[in-house]
Every structure is written in structure tokens, then in C-alpha cells.
Visitor: 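Structure incoming, see below.
Note on naming: letters A, B, ... go to the chains in the order of the sequence lines (proteins, then strands), and numbering restarts at 1 for each one. It should be emphasised that the depicted structure is a prediction, and the values quoted were computed from it without experimental measurement.
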Amino acid sequence: MSPQQTDPAAISDRYEPAAVEERWYPIWEERGYFRADPASSKKPYSIVIPPPNVTGSLHIGHGLNNTLQDVMIRMKRMDGFNALWQPGTDHAGIATQVVVERQLAAEGKRKEDLGRAEFVRRVWQWKDESGGTIIRQLKRLGASCDWSRLRFTMDEGLSRAVREVFVRLWDDKLIFRDDYIVNWCPRCETVLSDLEVDREERDAEFVYIKYGPLTLGTVRPETKLGDTGLAVHPKDKRYRQYVGQTLDIPSVDGTVTVRVVADEAVDPKFGTGVIKVTPGHDPTDFEIGRRHGLPVKTVIGFDGKMTAAAGKYAGMDRFEARKQIVEDMKALGLIDRIEPYRHAVGLCYRCKTVVEPLVSKQWYVNVKPLAQEAIKAVRAGKIKIIPRGWTKTYYHWMDNIRPWPISRQLWWGHQIPAWYCERDGSIHVSRTDLTSCPDCGSPVRRDPDVLDTWFSSGLWPFSTLGWPDDTPYLRTFYPTSLLVTSFDIIFFWVARMAMFGLYVMKQVPFHDVYIHALVRDAEGQKMSKSKGNVVDPLELMTKYGTDAFRFTLVALAAQGRDIRLSDERVEGYRNFANKLWNAARLVLSNLDGYDAAAGRRGKPDLAARWIDSRLQATIGAVRAHLKAYRFNDAAGAIYQFVWGEFCDWYLEIAKLDLYRADDPTRRVATQHALVSTLETTLRLLHPFMPFITEEIWQRLPHEGESIMIAPYPKVVRRRVDPEAEREMAVVMGIVAAIRNIRGEMRVAPGLTLSAIVKPGPEAPSALVSANASLIQTLARAAVTVDPQASRPRSSALGVVGGIEIYVALEGVVDLGAERQRLQKEIKRAEDAIAFGRAKLARPEFAERAPAEVVDKEREKVAQQEALRDKLVASLSWVG
RNA sequence: GGCCGAUUAGCUCAGUUGGUUAGAGCGCGCGCCUCACAUGCGCGAGGUCGCUGGUUCGAAUCCAGCAUCGGCCACCA
């Protein structure tokens, strides 16, 4: 490396991120640094991205999620792994379809007006228009994905994977079609899985209805029209006589015929201990009905309106019908009483419409056997969930898993590969499209439903790598190394991937699962569009720089705790980037005459040995923290090292050699220490702050073409130097003690103090003497070392680790003024003491005030006494 | 109802397996435009670690109970 010199004026004293970010990302991408190579002999390391909604845009959660992944993948890539970060996007069935439906609505059209084929074409068009946004934004974030491998859940290849898995599950009898009670959203007109139903507490009326000889309570009187039974607990003596009877109950619209059954599901202590059984509109009732052979009567339709079976209420909205029926029952004297009641109602996760339990024919995956394997994999440690606490949640959900309804009444998605024979209705599931019945040659009709979005995302770790084909990527990178995701999709996604991965590949889809927390606003509120408190990551990146934004998220990403993001935080880390920038500016502008070889030959002085030792410790800490996914600790370790040690101490010390041209050997040695420390630090920091580190690194003497592919720092044992650390601790302690006195005594920073240092057992004279000039400069004090010294008059005392330091005050501070100040403070303290004592002495206070108030007052007095004593002591030395 | 988490400085949070004087950022006070950086430098104030009890030589840390807040799950109509 040739000697170089940079004029400090040539580099801005502010780090300006925009230009740097724009310059480096395209270079990295063009040079192919993001690409993994399945033929490489390096150890593979892979991450699949949680696919964002293809038509979405980057929100703060993506910011955190992808920054963490980028930190890991960049670190591993630098550390010599064959690293693949597999990117892609999700078609997000219902979400995307709703957006396009809204666009149509703006044109005054409904999707039915276009027809299915045309509608789907419109969605594809929308996908093509908006699909690039989130990818561009991820690039803006610095994400080092292998973009040449970008996948989409509805790509030809991934669709083939979906169909293949569907067929295999069908052949294995793990997919079935059944009439079952489902969560139905009357607005979206589709079935929802249990996970897609949000619960919300609502106030309701608990209506006690007279049912012939019995009385029972319900919050849903309108479903009375669909009652086909009554149920009581088998052991409930009160109602035993009715069990088995069929009752004709006079009701609002003629009589209702119900059979009384005994079922364990009934809680005899709740309400009257009798429940009405409406198998058509309640999941519990549906189960009871199945157990006892009660018929299903559907009185509410898929549109949320009462059906023809509801008699005179037919066509009425379900909630209006509820009111009307209560009115009618009141009129007929069928209501015993009404009580207020608060309970959870199910809402559609997309549109918040109250979900209607309805019986309909849907496709299901019997996930129970798959869940068993998924549980085993975690128990056996083949999948490690971090933080550990989430494993219990995972087990609990897997243990209680129910069949997964996978059909959705949408047009956007993977259409179910099943055909019905027009002749006998037989079902034919096929890898290829059918035009006629394989059994009888009759015409066939394809099932119109599409699959739940999570079906295709569940295949993501292997479908993106080429499955069902046996590709080099699949062989090299499956199972993946790490999955980084948020806790809110553990069940939706992580659990499904675990089940599908084990079922299809016979191997876990990932080894480690890191679950990160939620990013909230500065007040701790969940960000939401309706609250208007959404922080736009792009704005933050523009305002403070991408590196600062990334570093903020990482620094705040403590395990198991939500992140409160505020501008002040990002600003703080923007300042950190600026600090680093200026440290680099100092180094770069003092490299004239630099000779790397000569620098290496030189003998490092104490400070150089110290900073090198601290650097090794930092490298070790960062590696350990990243290994354990303690991102915040890793970031904190670097921050502390760069600012608190390298800048605050080493750069100040280095200036001594840099600015003094009388010792060229020392200068070159120090230049070398500076370059080497800074260069290593940049590599250590690169995964967190990719842009600024590359920019500075390129300007520094370095080896290689980019920091992105430079080696990640390793701890060099022989550079760990406990002796240097001990000795520097003494020097720093003395400096701090003198600065402390300067601060307390309000001595101007420009004034040079004179200090006598009396070494103690921990700090031999030789050590202090050897570093006297260092101390002198850092503390701005003329230092005399004297083991026999005793404290002179008019001096301030500092004590550190057995060393005594006497700082002369004569001529430096106005002793008279200082005396006055001390006297004034002593007086104030004494006044406070006197006041406090008087208060305590007053009987009405001492006897009547609460004990803690009295204690507090006593404490205050004691504090003031201690302060006074300290001031008096100071005064004696100043006097 | 079940499970989980949180409670530490004015604010937001760190604090690995129990171990000297409990840390950081922001904010606050004092002094500084010291030739890398005022997005900065030096110094300082500020904490009964939610409460009660227990284990221990020793507890912010482990155990039990309580209080407050938050989250997830759940078919009590």
C-alpha cells in the first residue's frame, strides 16, 4: 500500500449517508457478492426470507426482521461460509384480492362483472405494477439477498410444489373434504381458519328464554330458529327427567321441535344449566349435534342474512333479526329476563366483521400426525427456538391442533387441483389438469376454491430452492440454518413449515428459529394505520441514514422485549455513525509517510497494546453475542469500543505521536496501530452498518476489493494483553481523577494544573513515571511522581486504586472565592440541617406524620450532615 | 379460565450461570467552539432494583406469595 495523505478539508466533517448508500449497493450487487454458489466447497449457511406481501411496502417490522437477517448473513459470508439469503414474495391471497376489489369498486365494478379469468388477470397486473416496491425498499435497507434467486409463491415452480404436496397429502389420506362448522366471514364471503379470527370483548345481552318447561340463557336468540336440540349435563339431577324426550316448543314462528340430550360439554353451573343446541351456527353445538345425531338447520346464510328456513324472518340481517326476535318473544311472554353480559366475539382478521359459524363443505388437512413430528423435532433439539420461552407456546398449539381448513372462497391463489365427475360427483385430485373423468370419461368440473395463502408459504424453505426437482441449491442449502421471524406468525407460518418440511423432506426446514419482538412507537403503542402512529422506515433512513436506522433496531433488539422506537434513538446512532466518520477522518488525514511494513516492525507502546487487547475482547464479545442471537449486546459492545475506548482514549493518545514529528519511528508505529485497529473495527461493524464501513474501508489502506467479502475478525489470542489493560487502567484512573478535580473546582479546560502523584502498591513509580507525559497531556497537568509525597496545603485530593493525587489549587482557582463558595455551601447545609432538626423536634410532626415521612426527613438531615462534613474538610485544605 | 412476559435513574431500557462501588442512551446541572467530530469534549447530580417473606456467607439475579401492567391461547352458550 502506497503512502497516502488526505487533506481533512477534503472530507466532509459530517457523514452524509445518501450518496454513500446509493454508490455501494449497486456495486455489491453487480459484482455478485450476494450470490451463493452451490458448487462451493465452503460450509453452507442459509436463511430464507419471510416473504413479504408482493404488493406491500416496507414497514418497520420488515425493517427489524430483515436487518437482523442481514447482520447474520453478512457476518457468516465474511466468516467464510457459503452464504445464501433466499429472497421472495408472497401472493397474500385475501389481502391482495381485497385491494384489487377496492380498485374495481372505485370503477363501480364488482369482480363478478369481470369474471374469474379477467379478475385474476387484473390481480397479476397489479402485482406486476407494485411488486417491485418492496424489493427496492429491501435493497435500500442494504439487504444482501441473492436477488438472482427471487421467487414468488405463485411462480410456475412454486405452484408445482404446491400441487405436488397437495396430491401427496391426498394420496396419504391427510387431505379430506367434509361438511363441518367453519368460521365464515359474510363480508369477505370466505372461510377463515381459527387463526384468522380475532377475538374481541363486547357487551351483549344474555337473554333467558322460556323453553316449554325449561328456561335457558343465550346471547344469540336469533339462532333459536335453528335449534334442533337442548342439552344438559349428564349428571345434572334437575333435568334428568327430560333427557331423551322430544319437546315441541311454542315459539315466535310456530313451534320448534327439539330433542333433549345429555352431554359433557354442558356446564351445569353456568346459566340455568340448560343450553339450546344449534348445530348449524355454533361450533360447540355442532359437536354436540354430531354426537347425538341432531339435524343441522341453517337459518343464517353465507351473506349474513336469515335464510328461507328462518320463516318470517327470511332475508333479514342477522343482527336485526336478533332484535326483532327478542321483541317478538317479549310480546309472547317467552322472555324470562335479560342480563347484561360481556363476552368475546370472533371477528374477521381482515375486515373486523363478526364471524358467523356456518356449516359448509371445505377442504382440510389432518395436521395431527404432522404436528407429532414437528413436536418431536423441537424436543430432540433439531429445531431450536430462541428465545426459549416460545417453545412452550409452540408445544401447546401443536398439542391442541385441529384439522386445518385450507380452502378459501377466493379467486386469487392456487386453485385446488381437484375435479368432480359430472356423472357421479366423484373427486379426482391430479398433478395435471383434467378434462374428463379418469374413471368414466364424463365431463369434470374443477373445484373453484383456492388454497389458504399459508399453504404455499409453508413450503417456502424447500419450494424456493427448487423442490420438487432435485436441485444443487436444494441439496446444498436445505435444511436452512436460521429463520428470523416475528412471534405473531409462529402458528401461521413457522409451525406449518415445520410440519410440511418434515413431511415432504423428512428433515427439519431450519435449525434455529429466532423470534424477535414487535416494534412499537415511542409511547409503547402498537403501530397501526388507524392510530396514525406508523413510523415509516424509509423516512427514518432518509433522515438519519440507513446505517443509523439499522443500528438502532439491532441495538434495541433485546430478546423477549418489544422495541420502542423514537427519533431520538435513531438520532443517537446517527451521531455514532458520525463519530466513526470523524475518527476515520483523523486517521486518514495523518497517514503521510505511512509505511505498513515499517509499522508492523515497530514495537507497539502501552496504549497500542492496550487498544489492540480491547479490540480482541470486543471481537470475542461480538462473536459470542451473535452466536447467541443477543443482537443488542453485540451492537453495544462495538458502540462502547468505538466511542468509549477507541475515540475517547486511543485517538487522544495517538495524537501525541501524530502531531509531533520529532520521532518518525513512533509516528509510523502509531499510524499502523490506528490503521490496523480501525480497519479491523470496520470489518467487525460491517454487518451492522454496511455502507459507512465500506466507504471508510475503501479509503483506508486495505487488502481486497470490498469489505463485504473481507474476513470477519477473529480473536488473536497473543494480542490479548492483560498487563497492558492493567497498566492502562492505572493511567486512565489517574487522568480521570485529575479531570474530576478540575471539573469539581471549575478549572477552565485550558489551564494546566500541577499534580503530584504518589504511587501505591498497585501502581509502581516506574509505571507512573513512564506514562507521566501521557497523563500530562490527557489531564492537562504537569505531573510529578513522588512516592514520599504528603498532601500540600491548598491542594485537592484524588484517590484511585491506592494512588494519591494532589492537585495544587494555588494560582489556578481563586482560593478566596472557592473558600467563600465552600463557606456558603456549608452555611446552606447547616441551615438545612437546622431546619430539618427543628421540624423533627416539633411534636405534632414527629407524632402525627406517617412514619415514612418522618424517616425521609431524618434521611435528608443525615445527607446534609454528610455533605457539610465533606465541605468542611475541603475548606481546611483550601484554607 | 390456562399459559407467558414485564416491573431497575426523570424517560426508554441493559444487567449471561447469585459475587466488589447496579450500567447505557436521552434528558438535567456545571464548564468548554481544545487544530477528527458542538451530530462534539470534560465533569457531575440522580436508583429502598414493584411489595412481603424465604434459601444463602452473599440476592436486581434463585424460590413462594401478593400487587400493577401487557401479551398469547381458549367452543362456557
Visitor: Between P on B/rC37 and CG on A/N590, what's the gap in Å once rounded to a whole number?
Guide: 12 Å
Visitor: If I pick the P atom on B/rG25 and the same atom on B/rG5, what distance separates them, to the nearest angstrom?
Guide: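 B/rG5 and B/rG25 have their P atoms separated by 30 Å.
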Visitor: With respect to the side chain of A/R402, which nucleotide from B/rC3, B/rC75, B/rU12 is positioned closest?
Guide: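 Closest nucleotide among those given: B/rC75.
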Visitor: So A/D488, base contact, sugar-phosphate only, or nothing? Heavy-atom distance under 4.0 Å.
Guide: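 Answer is nothing: A/D488 stays at 4.0 Å or more from every strand.
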Visitor: Should B/rC62 form a Watson-Crick or G-U wobble pair with both distances under 3.5 Å, which nucleotide is its partner?
Guide: B/rG54
Visitor: CG of A/D567 versus P of B/rC11: gap in Å, rounded?
Guide: 21 Å
Visitor: Could you tell me how far B/rC69 sits from B/rG27 if I compare only their C1' atoms? Round to whole Å.
Guide: 25 Å
Visitor: For B/rC35 versus B/rC41, give the span between their C1' atoms, rounded off to a whole number of Å.
Guide: 14 Å
Visitor: Base, sugar-phosphate, or nothing: which does A/R742 touch, judged by heavy atoms less than 4.0 Å apart?
Guide: nothing
Visitor: Which one, B/rC3, B/rU39, B/rA14, comes nearest to the side chain of A/N632?
Guide: B/rA14
Visitor: For atom P, what is the distance between B/rG53 and B/rA59, given to the nearest Å?
Guide: 14 Å
Visitor: Assess the pair A/Y394 and A/W390: is the distance between their ring centroids shorter than 6.0 Å?
Guide: no
Visitor: Let me know the distance between CZ of A/R739 and P of B/rC41, rounded to the nearest Å.
Guide: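 For the pair A/R739 CZ and B/rC41 P, the rounded distance is 11 Å.
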Visitor: B/rC73, B/rG40, B/rA77: which one has an atom nearest the side-chain heavy atoms of A/H396?
Guide: B/rC73
Visitor: Would you say the side-chain atoms of A/N582 and A/D13 include a donor-acceptor pair closer than 3.5 Å?
Guide: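 Not at all, the side chains of A/N582 and A/D13 share no donor-acceptor pair under 3.5 Å.
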Visitor: From the set B/rA77, B/rG25, B/rC75, return the single nucleotide nearest to any side-chain atom of A/Y639.
Guide: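 Of all the options, the side chain of A/Y639 is nearest to B/rG25.
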Visitor: Between B/rA64 and B/rU55, how far apart are the two C1' atoms, rounded to whole Å?
Guide: 11 Å
Visitor: Between A/N740 and B/rG42, does any side-chain N or O lie under 4.0 Å from OP1 or OP2?
Guide: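 For A/N740, the contact criterion (side-chain N or O under 4.0 Å from OP1 or OP2 of B/rG42) is not met.
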Visitor: Categorize A/K655 for me: base, sugar-phosphate, or nothing, with a 4.0 angstrom heavy-atom threshold over every strand shown.
Guide: base
Visitor: Contact class for A/Y341 (heavy atom, under 4.0 Å): base, sugar-phosphate, or nothing?
Guide: sugar-phosphate
Visitor: Let me spell it out: for each of A/L586 and A/Y573, pick the nucleotide of RNA chain B with the closest heavy atom. Which residue's pick is nearer the 5' end?
Guide: A/Y573
Visitor: Between C1' on B/rC32 and CZ on A/R780, what's the gap in Å once rounded to a whole number?
Guide: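 The distance from CZ of A/R780 to C1' of B/rC32 comes to 11 Å, rounded to the nearest Å.
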Visitor: Between A/F491 (CZ) and B/rG71 (C1'), how many Å, whole number?
Guide: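 Result: 12 Å.
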Visitor: Taking the ring centre of each residue, are A/Y180 and A/F286 less than 6.0 Å apart?
Guide: yes
Visitor: Reckon A/R564 has a side-chain N or O less than 4.0 Å from the OP1 or OP2 of B/rU12?
Guide: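 Yes, such a contact exists.
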Visitor: Which whole number of Å gives the distance between the P atom of B/rG50 and that of B/rC28?
Guide: 27 Å
Visitor: Over all strands shown, is A/L651 touching base, sugar-phosphate only, or nothing at heavy-atom distances under 4.0 angstrom?
Guide: base
Visitor: Distance to the ring centre below 6.0 angstrom and angle to the axis at most 45 degrees; does that hold for A/R496 and A/W404?
Guide: yes
Visitor: Starting from the 5' end of RNA chain B, give me the residue, A/T218 or A/A583, whose nearest nucleotide shows up first.
Guide: A/A583
Visitor: Side chain of A/R585, heavy atoms from C-beta onward: which of B/rA77, B/rC4, B/rC37 has the nearest atom to it?
Guide: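 Of the candidates, B/rC37 comes closest.
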Visitor: So, for A/R318 and A/E222, which heavy atoms are closest and what is the spacing to 0.1 Å?
Guide: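 Closest heavy-atom pair between A/R318 and A/E222: O-CG, 3.8 Å.
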Visitor: Please tell me which of the listed nucleotides, B/rC26, B/rA77, B/rU12, lies nearest to the side chain of A/E568?
Guide: B/rC26
Visitor: Measure from NZ or CZ of A/K579 to the centre of the six-membered ring of A/F646, then state whether that distance is under 6.0 Å and the direction lies within 45° of the axis.
Guide: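 Checked: cation-pi criterion not met.
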Visitor: Counting any heavy atom closer than 4.0 Å, what does A/R220 reach on the DNA or RNA strands: base, sugar-phosphate only, or nothing?
Guide: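 Nothing, no nucleic acid heavy atom in range.
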Visitor: Has the side chain of A/R574 got a donor or acceptor that lies under 3.5 Å from a partner of the other kind on the base of B/rU39?
Guide: yes
Visitor: Tell me whether the OP1 or OP2 atom of B/rG71 has a side-chain N or O from A/W390 closer than 4.0 Å.
Guide: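 So the side chain of A/W390 is outside the cut-off, no N or O lying under 4.0 Å from OP1 or OP2 of B/rG71.
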Visitor: Of A/Y573, A/F691, A/Y544, which is the lone residue that meets ring pair (Phe, Tyr, Trp, His ring centres under 6.0 Å) with A/F551?
Guide: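 Exactly one candidate clears the test, A/Y573.
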Visitor: Which whole-number value in Å describes the distance from A/F576 CZ to B/rC26 P?
Guide: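 For the pair A/F576 CZ and B/rC26 P, the rounded distance is 13 Å.
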Visitor: If you compare all heavy atoms of A/G217 against all heavy atoms of A/T272, which two are closest, and at what distance to 0.1 Å?
Guide: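 In terms of heavy atoms, the two residues are closest at N-OG1, 4.4 Å.
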Visitor: If only atom types and distance count, is the side chain of A/T278 paired as donor or acceptor with the main-chain N or O of A/G280 below 3.5 Å?
Guide: no
Visitor: Given that both distances must come in under 3.5 Å, which nucleotide forms a Watson-Crick or G-U wobble pair with B/rA67?
Guide: B/rU7
Visitor: Base, sugar-phosphate or nothing for A/E652? Non-hydrogen atoms, less than 4.0 Å.
Guide: base
Visitor: Could you tell me how far B/rA14 sits from B/rA24 if I compare only their C1' atoms? Round to whole Å.
Guide: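 Approximately 7 Å lies between the C1' atom of B/rA24 and that of B/rA14.
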Visitor: Does any nucleotide pair with B/rU12 by Watson-Crick or G-U wobble geometry, both distances under 3.5 Å, and what is it?
Guide: B/rA24
Visitor: Which part of the nucleic acid does A/N578 contact within heavy-atom distance under 4.0 Å: base, sugar-phosphate only, or nothing?
Guide: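 Touches a base.
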Visitor: Among B/rC72, B/rU12, B/rA77, find the nucleotide with the atom closest to the side chain of A/V266.
Guide: B/rA77
Visitor: Output the single nucleotide from B/rG71, B/rG25, B/rA14 whose closest atom is nearest the side chain of A/F487.
Guide: B/rG71
Visitor: What about A/K579, does its side chain sit under 3.5 Å from the base of B/rC37 through a donor-acceptor pair?
Guide: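 Checked by distance alone, the answer is yes.
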Visitor: With respect to the side chain of A/D13, which nucleotide from B/rG40, B/rC72, B/rC37 is positioned closest?
Guide: B/rC37
Visitor: CH2 of A/W184 versus P of B/rC75: gap in Å, rounded?
Guide: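 Roughly 20 Å, once rounded to whole Å.
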Visitor: Provide the Watson-Crick or G-U wobble partner of B/rG40, both distances under 3.5 Å; none if there is no partner.
Guide: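 Partner of B/rG40: B/rC32.
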Visitor: Rounding to an integer number of angstrom, what distance separates B/rG15 and B/rC75 when you compare their P atoms?
Guide: 35 Å
Visitor: Would you mind pulling out the nucleotide paired to B/rG1, Watson-Crick or G-U wobble, both distances under 3.5 Å?
Guide: B/rC73
Visitor: Nearest whole angstrom, please: distance from the P of B/rG25 to the CG of A/D648.
Guide: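 It works out to 10 Å between those atoms.
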